[in-house]
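The first residue in the sequence is number 1, and the count goes up from there. As the structure lists them, so they are numbered: ligands from 1, and atoms in each ligand from 1.
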Amino acid sequence: MVVIDGKQIASKIYDDTKKEIEKLKTKYNQSPCLATIVVGNDESSRVYVKRRGKICEEIGVISKVYDLLEDSKEKNVLGLIGKLNNDENVHGIIVQMPLPKDINEKKVSGMISPEKDVDCLNPLNLGRLASNDETFAPCTPKAVIAILEKSGIKIRGKDVIIVGRSKIVGRPLALMLLNRDATVTVCHTKTENLEKHTKNADILIAAAGSPNLIKENMIKENAVVVDVGINIVNNRIVGDVDFENIKNKASFITPVPGGVGPVTVAMIMKSTVEAFKRSKV
Ligand code: NDP
């Protein structure tokens, strides 16, 4: 059994990205810039965005954070996105989800310029993904694919089961795996007999946000298990997988924390640099 080290994978991506940024800076006399909009009081969003800002600083990406109040009006959020869309010093835009309930998530996502939409929030980019164009693929699914590929795990022809069908993780990930010739099944809360599906997985990807959902009796011997879930239980971060009891049955497994999370942040950096480069073509 191999416990996949997400931090190590992320660190290699940072090294490569940092070197690339240095070259781009010399060539264009400008650095890639990622703008993040946070609306409201979601504490975990704040912590996450702050941590991401530090990484930006370390590798040479300019980070601009727009921290808006919980009672901000939708039109103000849309107005800010419009301004950032037109700012040629901003190359990537992320609106941190969830948004307060009075703000329409669909409208906000659709307002982000598709060319700066580094986490694939705009439905246009999800559509591109469905037609095999991964230019603006979202960062968590990208991280899952990077983990599989960098660990030498074969995807083509394999039975892949994803638990979770959200727009930012399960759905786009299913498309990306199809693009790589996997046979993909997507499960969700209405799936009858989840275990029947998970037991069939050569590669099982848990992205439900439900602690301990995937138990030892739900996987087959030597399955690859990727845990995307982030849950807080008794002040500890845990995934969706019963790691301790599954680890000896799986051939590869990602831990939480230290698995998909760090690689996702690395992918945001990489996508911002890619958006920067495209803005120069
Ligand atoms: P959502 O809540 O948007 O979606 C969860 C999905 O899982 C839904 O499709 C839901 O089904 C399904 N689901 C929930 N519970 C069950 C269950 N018991 N059985 C079967 N399916 C279930 O979450 P996200 O996609 O945004 O995130 C998923 C998890 O990944 C969260 O823990 C989140 O924190 C984490 N995450 C981690 C990231 C990382 O970098 N590591 C980045 C982004 C998210 P239905 O559609 O029927 O409701």
Side-chain angles (χ1 to χ4, degrees), residues 4-7 9-10 13-14 36 38 42-52 55 94-99 101 105-106 108-109 118-121 123 126 129 137-148 160-177 184-201 204-215 217-219 225-233 236-243 253-272:
I4 294 171
D5 186 344
K7 283 190 190 160
I9 295 174
I13 298 169
Y14 290 139
T36 305
V38 190
D42 189 85
E43 196 48 41
S44 52
S45 284
R46 285 232 154 67
V47 172
Y48 179 64
V49 168
K50 201 169 164 193
R51 217 178 288 156
R52 195 165 69 202
I55 292 169
I94 293 184
V95 178
Q96 213 56 40
M97 303 292 172
L99 290 168
K101 60 179 183 337
E105 218 171 277
K106 255 192 186 164
V108 167
S109 301
V118 286
D119 206 17
C120 196
L121 295 171
L126 199 57
L129 205 56
C139 295
T140 302
K142 259 183 153 175
V144 173
I145 299 286
I147 284 173
L148 294 174
V160 183
I161 313 299
I162 305 171
V163 186
R165 58 174 166 180
S166 74
K167 276 184 290 183
I168 58 158
V169 188
R171 256 166 233 253
L173 182 54
L175 295 170
M176 291 174 81
L177 289 161
V184 186
T185 304
V186 182
C187 301
H188 44 81
T189 55
K190 310 297 179 289
T191 298
E192 289 177 5
N193 198 346
L194 181 63
E195 184 184 328
K196 185 186 95 186
H197 297 282
T198 56
K199 265 188 168 161
N200 192 37
L204 173 65
I205 300 162
S210 177
N212 240 2
L213 176 66
I214 307 297
K215 302 190 179 62
N217 63 336
M218 294 170 74
I219 70 159
V225 180
V226 179
D227 192 352
V228 179
I230 299 177
N231 311 289
I232 311 286
V233 177
R236 275 185 53 230
I237 296 177
V238 298
D240 290 350
V241 168
D242 179 2
F243 181 85
I253 188 164
T254 63
V256 178
V260 177
V263 187
T264 296
V265 184
M267 285 298 161
I268 294 174
M269 301 301 138
K270 209 167 173 259
S271 294
T272 305

Subject >> Heavy-atom pair of closest approach, residues Thr272 and Ile268 >> reply: OG1-O, 2.8 Å
Original post:
Hey, does the side chain of Thr191 reach the backbone of Leu194 with a donor-acceptor pair shorter than 3.5 angstrom?
Top reply: no
Original post:
Any donor and acceptor pair, going by atom type alone, linking the side chain of Asp119 with main-chain N or O of Pro138 inside 3.5 Å?
Top reply: no
Subject >> Partner set under side chain to side chain contact (heavy atoms under 4.5 Å, CB included) for Ala137, not counting sequence neighbours >> reply: Leu129, Glu134, Lys142, Met176
Original post:
Only one of Ile214, Ile205, Leu204 clears side chain to side chain contact (heavy atoms under 4.5 Å, CB included) with Ile161; which?
Top reply: Leu204
Original post:
How would you list, by chain and number, the residues with a heavy atom under 4.0 angstrom from ligand 1?
Top reply: Thr140, Val163, Gly164, Arg165, Ser166, Ile168, Val169, His188, Thr189, Ala207, Ala208, Gly209, Leu213, Val228, Gly229, Ile230, Asn231, Val260, Gly261, Thr264
Original post:
Taking Asp240 for the side chain and Asp227 for the main chain, is one N or O donor matched with an acceptor at less than 3.5 Å?
Top reply: no
